[in-house]
**Student:** 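Could you have a look at this structure, given as structure tokens, before my questions?
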Amino acid sequence: MTTRVWDYLLEYEQEKADLLAAVETVLESGQLILGKSVQGFEAEFAAYHGLAHCVGVDNGTNAVKLGLEALGIGPGDEVITVSNTAAPTVVAIDGAGATPVFVDVREDDHLMDTDQVAAAITPRTRALLPVHLYGQCVEMAPLERLAAEHGLVILEDCAQAHGARHHGRTAGTMGDAAAFSFYPTKVLGAYGDGGAVVTDDAEIDRHVRQLRYYGMDKVYYVVRTPGHNSRLDELQAEILRRKLRRLDAYIAGRREVARRYEEGLGDLTGPGGLRLPSVTEGNEHVYYVYVVRHPRRDEIIERLKRFDIQLNISYPWPVHTMSGFAGLGYATGSLPVTERLADEIFSLPMYPSLPRDRQDRVIDALREVLADL
């Protein structure tokens, strides 16, 4: 049986009755768009974070885009972020009309190197967009100081960090607003697309609600442009409501898989060898993906196919090297750590319903491959 980097079918079998009940609840409700399920999920997801507001939207990309727009970011503005991220982070900045400005990441945790941010600030800088990558948080204190000093806003990209904590604070509660994705692979994943913007600011909340619904504040009446059709679907919202109750259990399951990988592979680490994830001090990692590193990454992935194990690379191309963003003017070598990581990182299977025997299979196969290199 193929062991994939992610698979929802085992989870579906375990939760099938509840998930089908969620669908039945919506279909029998009499309201299929922006009904009680969206309203309930918004209230419950906000409460999980200890925040006042949550706005459900159609996907994580638009959560970033609408979050930026609600924060007043648009054409002529610069947004500082990283290139070691999923492309949608940067696509959303571009979609808001702003210009992404990249800083490099750190060798150990692959997160934004906050020591480089001050030098990247220009008179056009309006926002900082830290990406809480792979399941743990960026060091936020330096960004908060810079934002206060320069009058900048902070939008957290939490697409990969549901439930992660940083010095006791939950991802999504440390900026002016935060964007989440509920793409099926996420720590809290829907059975389709979905996203949300969370905030404690009532005006940001109101603005995002208008933006997701054509710029209207009441039916058929547009109060601001541009508007979008970016609503969270009722079916996905009801599924997410039920899965939110299990979020802490999902996180515990991911941490157990990570613990077993550490236990089974930890003795193979060292200079020039396998490098396992590093958890930064003060962080509570939720392991959205389990990213390891080896200089012979491509050879390892190819050999593991013989064991019917399919892995993933998150991400093989830094955003600044993509032809679609060539106009930003970043030359090869401009972000050396980001570029080096892209040649070495790969993700092991990681999801809470991954059976122990498949975890063992991954560990044993990887050990065998590394021994033969």
**Student:** State, with a plain yes or no, whether a side-chain heavy atom of Gln236 is found less than 4.5 Å away from one of Asp193.
**Tutor:** no
**Student:** Looking only at heavy atoms, what is the nearest atom pair of Pro277 and Val291, with distance?
**Tutor:**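 Shortest heavy-atom separation between Pro277 and Val291 comes out as CG-O, 3.2 Å.
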**Student:** Could you check whether any side-chain N or O of Gln359 sits under 3.5 Å from a backbone N or O of Leu354, counting only pairs where one atom can act as donor and the other as acceptor?
**Tutor:**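 The answer is yes, because a donor-acceptor pair under 3.5 Å joins these two groups.
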**Student:** Begin from the C-alpha positions of Glu156 and Met140 and carry the test side-chain contact (heavy atoms from CB on, under 4.5 Å) through to its verdict.
**Tutor:** CA-CA 10 Å; Glu156 298 173 70; Met140 291 299 294; 4.3 Å; yes
**Student:** Are Val82 and Met322 grouped together when hydrophobic residues (ILVMFWY) are joined by side-chain heavy atoms under 4.5 angstrom apart?
**Tutor:**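 Yes.
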**Student:** For a 4.5 angstrom cut-off between non-hydrogen side-chain atoms, does Val222 reach Thr225?
**Tutor:**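 Sidechains of Thr225 and Val222: in contact.
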**Student:** Under a 3.5 Å distance rule, please check whether His150 uses its side chain to pair with a backbone N or O of Leu152 as donor and acceptor.
**Tutor:**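 Here the side-chain-to-backbone pair does not exist.
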**Student:** Any salt bridge between Asp113 and Arg106, counting N to O under 4.0 Å?
**Tutor:**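 Arg106 and Asp113: not salt-bridged.
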**Student:** Atom CG in Asp233, atom CG in Asn59: separation rounded to 0.5 Å?
**Tutor:** 12.5 Å
**Student:** What residue pairs, at least two apart or across chains, pass ring-ring contact (aromatic ring centres under 6.0 Å, His included) with a residue in residues 156-197?
**Tutor:**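 Sorted result for residues 156-197: Tyr8-Tyr191, Phe41-Phe182, Phe45-Phe180, Phe45-Phe182, His49-Phe180, His162-Phe180, His162-Phe182.
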**Student:** So, Asp217 and Arg206, do they make that salt bridge, N to O below 4.0 Å?
**Tutor:** no
**Student:** Are Val38 and Val219 connected, step by step, through hydrophobic side chains (Ile, Leu, Val, Met, Phe, Trp, Tyr) whose heavy atoms are closer than 4.5 Å?
**Tutor:** yes
**Student:** Out of Leu155, Ile80, Ile73, Leu129, which residue meets the side chain to side chain contact (heavy atoms under 4.5 Å, CB included) rule with Ile93?
**Tutor:** Leu129
**Student:** Quick one, Asp77 with Arg124, criterion side-chain contact (heavy atoms from CB on, under 4.5 Å). Give me CA distance, side-chain angles, the key distance, then yes/no.
**Tutor:** CA-CA 5 Å; Asp77 298 332; Arg124 295 175 57 193; over 6 Å; no
**Student:** Within a strict 4.5 Å, meaning less than it, do heavy atoms of the Val153 and Arg126 side chains meet?
**Tutor:** no
**Student:** Is it true that a side-chain atom of Arg224 and a backbone atom of Gln210 form a donor plus acceptor pair closer than 3.5 Å?
**Tutor:** no
**Student:** Do Thr321 and Glu339 meet the criterion of a side-chain donor-acceptor pair at a distance under 3.5 Å?
**Tutor:** no
**Student:** OG of Ser83 to CG of Leu328: how many Å apart, nearest 0.5 Å?
**Tutor:** 9.5 Å
**Student:** Can a salt bridge be assigned to the pair Glu203 and Arg209 using a cut-off of 4.0 Å between side-chain N and carboxylate O?
**Tutor:** no
**Student:** What salt bridge (Lys or Arg N to Asp or Glu O under 4.0 Å) pairs are there with at least one residue in residues 43-61, not counting sequence neighbours?
**Tutor:**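 Qualifying pairs: Glu44-Arg241.
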**Student:** Kindly indicate whether a cation-pi arrangement holds for Lys16 with Tyr12, taking the cut-offs as under 6.0 Å to the six-membered ring centre and within 45° of the axis.
**Tutor:**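 Relative to the ring axis of Tyr12, which defines the angle, Lys16 lies outside at least one limit.
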**Student:** Report the C-alpha distance between Asp104 and Thr338 in whole Å, list the side-chain angles of each, state the deciding distance to 0.1 Å, and finish with yes or no for side chain to side chain donor-acceptor pair (under 3.5 Å).
**Tutor:** CA-CA 6 Å; Asp104 213 344; Thr338 295; 2.7 Å; yes
**Student:** Got a donor-acceptor contact below 3.5 angstrom from the Glu42 side chain to the Gly56 backbone?
**Tutor:**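 Answer holds: yes.
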**Student:** Short question: side chain of Asp157, backbone of Ala159 - any donor-acceptor pair under 3.5 Å?
**Tutor:** yes
**Student:** Do the charged groups of Arg259 and Glu256 touch, with an N to O distance under 4.0 Å?
**Tutor:** yes
**Student:** If hydrophobic clusters are built by linking Ile, Leu, Val, Met, Phe, Trp and Tyr wherever their side-chain heavy atoms come under 4.5 Å apart, do Val289 and Leu10 end up in the same one?
**Tutor:**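 Looking at the clustering, Leu10 is in a separate group from Val289.
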**Student:** Can you find a heavy atom in the side chain of Leu19 that is under 4.5 Å from one in the side chain of Arg242?
**Tutor:** no
**Student:** Locate the shortest heavy-atom distance separating Ser347 from Ser314; write the atom from each residue and the value.
**Tutor:** OG-OG, 3.6 Å
**Student:** Does Ser334 reach the main-chain N or O of Tyr330 with its side chain, forming a donor-acceptor pair under 3.5 Å?
**Tutor:** no
**Student:** Under the 3.5 angstrom rule, does the side chain of Arg165 hit a backbone N or O of Gly282 as a donor-acceptor pair?
**Tutor:**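 No, Arg165 side chain to Gly282 backbone: no donor-acceptor pair under 3.5 Å.
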**Student:** Going only through I, L, V, M, F, W and Y residues with side-chain contacts under 4.5 Å, is there a path from Met1 to Phe307?
**Tutor:**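 Unlinked, Met1 and Phe307 end up in two clusters.
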**Student:** Applying side-chain contact (heavy atoms from CB on, under 4.5 Å), run through Tyr351 and Thr185 and close with a yes or a no.
**Tutor:** CA-CA 8 Å; Tyr351 45 99; Thr185 62; over 6 Å; no
**Student:** Not counting sequence neighbours, list each pair that qualifies as a salt bridge (Lys or Arg N to Asp or Glu O under 4.0 Å) and has a residue in residues 286-296.
**Tutor:**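 Every salt bridge (Lys or Arg N to Asp or Glu O under 4.0 Å) pair that includes a residue of residues 286-296, provided the two are not neighbours, is Glu107-Arg293, Arg293-Glu344, Arg296-Glu299.
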**Student:** Could you pull out all donor-acceptor pairs under 3.5 Å where a side-chain atom in residues 365-373 meets a protein atom, sequence neighbours excluded?
**Tutor:**
unit_1 : atom_1 : unit_2 : atom_2 : d
Arg367 : NH1    : Gly264 : O      : 2.8
Arg367 : NH1    : Asp267 : OD1    : 2.7
Arg367 : NH2    : Asp267 : OD2    : 3.0

**Student:** Less than 4.5 Å apart, any side-chain heavy atom of Val79 and any of Thr99?
**Tutor:** no
**Student:** Atom CG in Asn84, atom CH2 in Trp317: separation rounded to 0.5 Å?
**Tutor:** 14.5 Å
**Student:** Please, which pairs that meet salt bridge (Lys or Arg N to Asp or Glu O under 4.0 Å) have at least one residue in residues 305-315, sequence neighbours excluded?
**Tutor:**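 For residues 305-315: Glu302-Lys305.
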**Student:** Taking the side chain as everything from C-beta on, heavy atoms only, tell me whether Arg212 gets closer than 4.5 Å to Leu34.
**Tutor:** yes
**Student:** Contact between Arg246 and Asp18 at the side-chain level, heavy atoms closer than 4.5 Å - yes or no?
**Tutor:**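 Arg246 reaches Asp18 side chain to side chain.
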**Student:** Could you note down all residue pairs passing salt bridge (Lys or Arg N to Asp or Glu O under 4.0 Å) where residues 169-185 supplies at least one of them, sequence neighbours left out?
**Tutor:** Glu144-Arg169
**Student:** Any non-hydrogen side-chain atom of Ile204 less than 4.5 Å from a side-chain atom of Leu71?
**Tutor:** yes
**Student:** Starting from the C-alpha separation in whole Å, work towards a yes-or-no answer on side chain to side chain donor-acceptor pair (under 3.5 Å) for Glu139 and Thr114.
**Tutor:** CA-CA 7 Å; Glu139 185 183 10; Thr114 55; 3.3 Å; yes
**Student:** Spell out, as yes or no, whether a donor-acceptor pair under 3.5 Å connects the side chain of Asp205 to the backbone of His53.
**Tutor:**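 A pair under 3.5 Å: no.
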**Student:** Mind checking the OG1-CG spacing from Thr3 to Asp357? Nearest 0.5 Å is all I need.
**Tutor:**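 Here the interatomic distance stands at 8.0 Å.
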**Student:** Given 3.5 Å as the limit, does a donor-acceptor pair link the side chain of Asn62 with the main chain of Lys65, or not?
**Tutor:** no
**Student:** Taking Lys36 first and then Glu234, would you say they form a salt bridge - that is, a charged N and a carboxylate O separated by under 4.0 Å?
**Tutor:** no
**Student:** Would you mind checking if Arg145 and Glu149 are paired as a salt bridge, meaning a charged N to carboxylate O distance below 4.0 Å?
**Tutor:** no
**Student:** Val117 vs Met112, test: side-chain contact (heavy atoms from CB on, under 4.5 Å). Steps then yes/no.
**Tutor:** CA-CA 9 Å; Val117 174; Met112 174 185 278; 3.9 Å; yes
**Student:** Would the distance check show the side chain of Asp109 and the main-chain N or O of Ser278 forming a donor-acceptor pair, the cut-off being under 3.5 Å?
**Tutor:** no
**Student:** Honestly curious: do Trp6 and Leu9 fall in one hydrophobic cluster under the side-chain, below-4.5 Å linking rule?
**Tutor:**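 In one cluster: yes.
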**Student:** Nearest 0.5 Å, please: how far is CG in Asp248 from CZ in Arg245?
**Tutor:**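 So the CZ of Arg245 and the CG of Asp248 are separated by 13.5 Å.
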**Student:** On a heavy-atom basis, which atom in Ser37 and which in Val26 lie closest, and how many Å separate them?
**Tutor:** OG-CG2, 3.7 Å
**Student:** Please report the interatomic distance CG(Leu133) to OG1(Thr89), rounded to the nearest 0.5 Å.
**Tutor:**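 Answer rounded to 0.5 Å: 8.5 Å.
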